[in-house]
Amino acid sequence: MQTNLDNMRGKKVLIVGLGRSGTAAIQALIDLGAEVSVQDRRPASDFDVNFLSFLKGRNVAFYFNRLPEDMGAFDMIILSPGASPELPFVQEGKEKGAEITGELEIAFRISKGNFVAITGTNGKTTTTTLVGEIFKASHRATDVVGNIGTAAISAAAHADENEWLITETSSFQLETTKYFKPVISAILNLTPDHLDRHHTMEAYGAAKAKIFANQTEPGCLIINKDDALCYSLAAPCKCRVVPFSRKEELDFGAFVKDGEIVIADGEKIVPICRTEDLKIIGDHNVENALAAAAIAYFAGIDPEVIGQTITAFRGVEHRIEYCGTIDGVRYYNDSKCTNTDATIIALKAIRQNVILIAGGDAKGQNFDSLAVHFPGVVKKLLLLGRDRGFIREAAEKAGFTEIEECRDIPACVKRAHEIAEPGDSVLLSPACASWDMYDNFEQRGEHFKDCVQALDR
């Protein structure tokens, strides 16, 4: 379903949360003729004066550090990903007749473009970026949008029938969708994350599964067969299910055969590229490449273009990003790692002699499953952030005692440089969100890289 653009005209809309998606939604909705109001828990003093002037100049009512007096005044409440549908004032608006939705859903409703939607606990940004590169290499009109940084709504209204919107989607974005229907969807994996928001793995999985809820043939769901919990989500799927596997050969889907990524399309087996030619390290990136290859192949892209693009791809910023070698020590920025499973993946990719920098906002996670991977892999654990004590407790329970606590990232990098020996790797892979110390993981990663670069001066 795509709503006629005029259907937004005159609607009274409240945008809750002024992060990237909320801010992008303001102008798009104004252009569609909606009467826009905004709410954010931060005070007005936290916002740039030019942004405040922008709101005033367009007659946008704003509620900073306060709530609207009458939640019954709105036809629609658009939640930014960080705003929970469980917020009492949002529930009040719903009870008074407002539709509760999100920027991703509105982007879909107003767009003629073709959505490729990618989700999963880990690997979303890498896979989305890689898929975007493949589509661009095939000379298709392509926008890479969503949770990756550029709000989908920014491109959606102007996209035509030939345009492809390669969209990274989070569980927060998906939980407020109703009609969202991508041409191709993908679920990369499913491990515990965001349980402070979703409360249970069942609810978290259900939010992820909304990515294919409206898909039918000839649409495709690309899904990880090696992850049993993830693969179980596909049971009610009404579109074509395309599995991918790093561990077993398949009759249909994408898999590794004799060191080569191949696709069985039901008629033939199509070679894509050798795994040894990948420039992104780790088994998890083989899985990301398999998913990207399957998405592109079933979107009709030439296998040669797919293979050439995958083997040329060097990864994304803040995801096991190589920052350089200083005095024989390699430095990696994995700031995008905000959960335990992502840190486990990074440790498995580097394998040994790791000086690990971790800690931050734990988001209600348990770190026992991470700590068992420290012995024999991590030489020293440098902890920082509000919830560092939880990681220390789990590490000590696992019998790992090479632990130091540092004040901040500059102190961690300084200490790592002091104790590292040639052949070691210093890895920022926090297993936690950044919000206790930084606005976002990008800011945290940039600070780490600045500190590393300062060592070499």
Side-chain angles (χ1 to χ4, degrees), residues 3-111 143 145-159 165 167 170 172-173 176-177 434-435 438-440 442-443 446:
T3 301
N4 187 292
L5 302 189
D6 289 338
N7 286 359
M8 295 302 297
R9 188 167 303 281
K11 274 193 180 291
K12 295 178 173 61
V13 178
L14 175 67
I15 298 170
V16 178
L18 292 176
R20 288 172 180 162
S21 65
T23 303
I26 295 171
Q27 186 61 60
L29 290 166
I30 289 172
D31 291 344
L32 293 170
E35 296 181 24
V36 179
S37 300
V38 297
Q39 189 278 334
D40 195 281
R41 62 186 178 184
R42 292 170 289 177
S45 58
D46 280 9
F47 292 87
D48 183 81
V49 292
N50 293 325
F51 177 67
L52 298 177
S53 296
F54 164 81
L55 296 180
K56 291 175 183 176
R58 287 157 181 78
N59 297 315
V60 175
F62 45 85
Y63 302 90
F64 294 122
N65 199 29
R66 64 190 179 97
L67 301 177
E69 295 81 9
D70 180 14
M71 290 304 298
F74 304 106
D75 302 307
M76 178 182 288
I77 300 173
I78 297 177
L79 301 180
S80 294
S84 170
E86 297 177 355
L87 289 168
F89 76 95
V90 174
Q91 287 297 307
E92 180 186 347
K94 182 178 181 180
E95 290 168 4
K96 292 183 175 180
E99 178 185 5
I100 311 301
T101 188
E103 171 264 332
L104 176 64
E105 173 72 11
I106 300 303
F108 173 74
R109 294 186 191 183
I110 67 174
S111 185
D143 291 293
V145 298
N147 198 50
I148 198 166
T150 301
I153 202 167
S154 299
H158 309 292
L165 297 154
T167 313
S170 70
F172 295 171
Q173 292 169 312
T176 53
T177 57
S434 59
W435 302 318
Y438 297 91
D439 291 338
N440 49 55
E442 295 97 334
Q443 188 183 80
E446 292 298 336

Q: Using 0.5 Å steps for rounding, measure from the CD1 atom of I30 to the CG atom of N59.
A: 8.5 Å
Q: In Å and rounded to the nearest 0.5 Å, what is the OG1 to CZ distance from T101 to R109?
A: 5.0 Å
Q: Measure the spacing between CG of L14 and OH of Y63 and express it to the nearest 0.5 Å.
A: 8.0 Å
Q: Keeping E99 on the side-chain end and D75 on the backbone end, is there a donor-acceptor pair under 3.5 Å?
A: no
Q: Strictly distance-based, threshold 3.5 Å: is any side-chain N or O of T177 a donor or acceptor partner for the main-chain N or O of E105?
A: no
Q: Can you list every pair that meets ring-ring contact (aromatic ring centres under 6.0 Å, His included) and has a residue in residues 73-106, with sequence neighbours left out?
A: none
Q: In chain order, what residues pass the ring-ring contact (aromatic ring centres under 6.0 Å, His included) check against F62, with sequence neighbours excluded?
A: F64
Q: Could you go through the side-chain contact (heavy atoms from CB on, under 4.5 Å) check for L79 and L87 one step at a time?
A: CA-CA 10 Å; L79 301 180; L87 289 168; 5.6 Å; no
Q: Could you grab the distance from atom CG of L55 to atom OG of S37, nearest 0.5 Å is fine?
A: 10.5 Å
Q: Report yes if some heavy atom in the side chain of L29 is under 4.5 Å from a heavy atom in the side chain of K11; otherwise report no.
A: no
Q: Show which side-chain atoms of residues 145-159 pair as donor or acceptor with protein atoms under 3.5 Å away, not counting sequence neighbours.
A:
from: N147; atom 1: ND2; to: E168; atom 2: OE2; distance (Å): 3.0
from: S154; atom 1: OG; to: A151; atom 2: O; distance (Å): 3.4

Q: Listed by chain and number, what are the ring-ring contact (aromatic ring centres under 6.0 Å, His included) partners of F54, not counting sequence neighbours?
A: none
Q: After noting the C-alpha distance and the side-chain angles of S53 and K56, does the key distance pass the side-chain contact (heavy atoms from CB on, under 4.5 Å) rule?
A: CA-CA 5 Å; S53 296; K56 291 175 183 176; 5.7 Å; no
Q: If you define the side chain from C-beta out and look only at heavy atoms, does anything of D46 sit under 4.5 Å from D40?
A: no
Q: Do the non-hydrogen side-chain atoms of I15 and V60 ever get within less than 4.5 Å of each other?
A: no
Q: Decide side-chain contact (heavy atoms from CB on, under 4.5 Å) for I106 and M76; before the verdict, give the C-alpha distance in whole Å, the side-chain angles of both, and the deciding distance to 0.1 Å.
A: CA-CA 11 Å; I106 300 303; M76 178 182 288; 3.7 Å; yes
Q: Verify, without hydrogens or angle tests, whether S111 (side chain) and F108 (backbone) share a donor-acceptor contact under 3.5 angstrom.
A: no
Q: Test Q39 against every option in I77, V90, L67 by the side-chain contact (heavy atoms from CB on, under 4.5 Å) rule and name the one that passes.
A: L67
Q: Could you measure the distance from the CG atom of L32 to the CZ atom of R9? Nearest 0.5 Å is fine.
A: 8.0 Å
Q: Can you name the side-chain contact (heavy atoms from CB on, under 4.5 Å) partners of E95, sequence neighbours left out?
A: none
Q: Could you check whether any side-chain N or O of R58 sits under 3.5 Å from a backbone N or O of Q27, counting only pairs where one atom can act as donor and the other as acceptor?
A: no
Q: Would you mind reporting whether Q91 and P88 have side-chain heavy atoms less than 4.5 Å apart?
A: no
Q: Kindly indicate, with the supporting measurements, whether the criterion side-chain contact (heavy atoms from CB on, under 4.5 Å) is fulfilled by L18 and F51.
A: CA-CA 11 Å; L18 292 176; F51 177 67; 3.9 Å; yes
Q: Just by modelled atom types, is the E86 backbone N or O under 3.5 Å from a matching donor or acceptor in the S84 side chain?
A: yes
Q: Write out all pairs satisfying salt bridge (Lys or Arg N to Asp or Glu O under 4.0 Å) with one or both partners inside residues 19-31, taking only residues at least two apart or from two chains.
A: R20-E442
